[in-house]
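Small disclaimer: the values here were computed from a predicted structure and weren't measured. Letters A, B, ... are given to chains in the order of the sequence lines, protein chains preceding strands, and every chain is numbered from 1.
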There are 2 protein chains.
Amino acid sequence: MIKANQRAKDYETHLRAAGVRMTKQRLAILRVLAETRSHPDANEIFHLAFAVDPSISLSTVYRTMRILQERGAIQRHAFDDGRARFEHADGEHHDHLIDVETGKVIEFRSEKIERLQAEIAAELGYEIVRHKLELYGRARPMKGAARPATKKRAS
Amino acid sequence: MIKANQRAKDYETHLRAAGVRMTKQRLAILRVLAETRSHPDANEIFHLAFAVDPSISLSTVYRTMRILQERGAIQRHAFDDGRARFEHADGEHHDHLIDVETGKVIEFRSEKIERLQAEIAAELGYEIVRHKLELYGRARPMKGAARPATKKRAS
DNA sequence: ATGCTATTAAGAATGATTTGCAACTAGGCC
DNA sequence: GGCCTAGTTGCAAATCATTCTTAATAGCAT
């Protein structure tokens, strides 16, 4: 994961520039976030970061996630399972398809959908600030190609 | 609200048919659900139901909401504010536009969006079980028509 | 290195939701 | 109508995710 390392550095640079103090706990969290391509909850982040720096506590994870969210460095999601899940916000917006059987989260992005949403909001007299689209689905008995990997682009 | 009364009766009939015992507490909840066009949380339902039948307790609200959800009689939403909000699932699916300033929830439905979602899921090898689309927006300085009412139909 | 201040760990506090349990009741059966 | 029993209830205690309090610690500008 060479890219992850770079991303961690980028995070650090940006946050420092914004006047955020870099403690070893925060660095551990940034590393963890940079390395994962999934959508961990606070507890998962805590355990992963603990492996990097055992001096970290769960409250610090929560505090830091809040700061990162305020700075726009991460996104907080509230899927239907109750707890908050986090994901780094490295630029590009995308939506989620959640496998109802395995809980697996697949990311995708569709320009058509984005456009349509803006149109609908406009018709209702609104301007979209952000949005959340979650598809909950069941994998179909494969017809041809192999099961798609994590990041997909749809029409 | 004559329709609401009918809806409450329908709920009751269906649930009875499914072998669910009808207690006065459950009837109170069904009445409340049938009468509201908003998205109350457990506590709000509790207070409203309490007005109908003061023997009800909050735990019963939670227990009942779970049963209704399992039976498909209601939908549980997890908007970004943390707690669960409920809404009767009387047939027609719709999505939500949440006013970021007032918290007001506007319902809408777009066939185009529905179709597009199915297509996207299909491309990823999935079949949609359910989905959730939430637009968070800001009201635009009205250009012509009046502010739209609660249930809208978009393109 | 020093000092000021932000940040931390730990645990207590909070808010939403669930659960354990003894008392109660809906609804099938006579 | 009354009986019976499994399902349901209210209440309080338990759990879960998250936030707050506080005394101690550690960035980082100088």
Side-chain angles (χ1 to χ4, degrees), chain A residues 11-32 39-71 73-87 103, chain B residues 11-32 39-71 73-86:
Chain A
Y11 270 148
E12 189 182 333
T13 311
H14 279 130
L15 292 168
R16 268 187 205 280
V20 176
R21 271 194 201 177
M22 293 311 304
T23 63
K24 55 190 195 311
Q25 292 90 342
R26 286 180 180 172
L27 287 171
I29 290 174
L30 291 184
R31 168 128 313 165
V32 164
H39 303 68
D41 61 24
N43 201 49
E44 286 161 351
I45 293 171
F46 168 60
H47 284 303
L48 292 169
F50 189 90
V52 177
D53 174 1
S55 82
I56 202 172
S57 78
L58 184 56
S59 355
T60 293
V61 171
Y62 277 109
R63 267 188 301 248
T64 305
M65 297 323 280
R66 179 193 290 267
I67 287 169
L68 294 181
Q69 192 196 350
E70 279 163 1
R71 293 287 190 284
I74 59 159
Q75 281 226 229
R76 179 190 299 252
H77 296 294
F79 296 153
D80 276 352
D81 63 0
R83 73 211 104 128
R85 300 181 159 272
F86 306 92
E87 168 184 26
Chain B
Y11 269 149
E12 188 181 336
T13 311
H14 279 130
L15 292 168
R16 270 187 202 281
V20 176
R21 269 196 204 177
M22 293 312 304
T23 63
K24 57 190 194 310
Q25 292 89 341
R26 286 178 182 174
L27 288 172
I29 291 174
L30 292 184
R31 169 129 314 168
V32 165
H39 303 69
D41 62 23
N43 201 49
E44 287 161 352
I45 293 172
F46 168 61
H47 284 303
L48 292 170
F50 189 89
V52 177
D53 174 0
S55 83
I56 201 169
S57 76
L58 184 54
S59 356
T60 294
V61 172
Y62 277 110
R63 270 188 294 243
T64 305
M65 296 324 280
R66 180 193 290 266
I67 287 168
L68 294 182
Q69 191 196 351
E70 279 162 3
R71 293 287 190 284
I74 59 158
Q75 281 227 232
R76 180 189 298 253
H77 297 292
F79 296 152
D80 276 352
D81 65 0
R83 72 213 106 124
R85 300 181 158 274
F86 307 92

Nearest-angstrom distance from the residue atom CG of B/L15 to C1' of D/dG7: 15 Å
A/H77 NE2 - D/dT18 P separation (whole Å): 14 Å
With A/R16 via salt bridge (Lys or Arg N to Asp or Glu O under 4.0 Å) - residues at least two apart: A/E12
Atom-pair distance (CZ on B/R85; C1' on C/dT17), nearest Å: 15 Å
Reported OG1-to-CZ distance for the pair A/T64 and A/F86, which is rounded to 0.5 angstrom: 10.5 Å
Contacts of B/R31 that satisfy salt bridge (Lys or Arg N to Asp or Glu O under 4.0 Å) - sequence neighbours left out: none
Shortest non-hydrogen separation from B/A42 to B/L58 and the atoms involved: O-CD1, 4.0 Å
Nearest-angstrom distance from the residue atom CE of A/M65 to C1' of D/dC20: 19 Å
Any side-chain heavy-atom pair of B/L68 and B/L30 under 4.5 Å: yes
Whole-Å gap separating P (C/dA10) and CD1 (A/I56): 11 Å
Residues A/R83, A/N43; criterion side chain to side chain contact (heavy atoms under 4.5 Å, CB included); working and verdict: CA-CA 10 Å; A/R83 73 211 104 128; A/N43 201 49; over 6 Å; no
Which residue lies more 5' along DNA chain C, comparing A/V61 with B/D41 via nearest heavy atoms: A/V61
side-chain N/O B/R83 vs C/dT17 OP1/OP2, d < 4.0 Å: no
Protein proximity profile, nucleotides 18-30 of chain C - base contact B, sugar-phosphate-only contact S, no contact -, cut-off 4.0 Å on heavy atoms: BBB----BBS---
Interatomic distance where NE2 belongs to A/H47 and P belongs to D/dA17 [whole Å]: 11 Å
Between C/dT8 (C1') and A/L27 (CG): distance, integer Å: 14 Å
For atom CG of A/N43 and atom P of D/dT15, their distance in whole Å: 16 Å
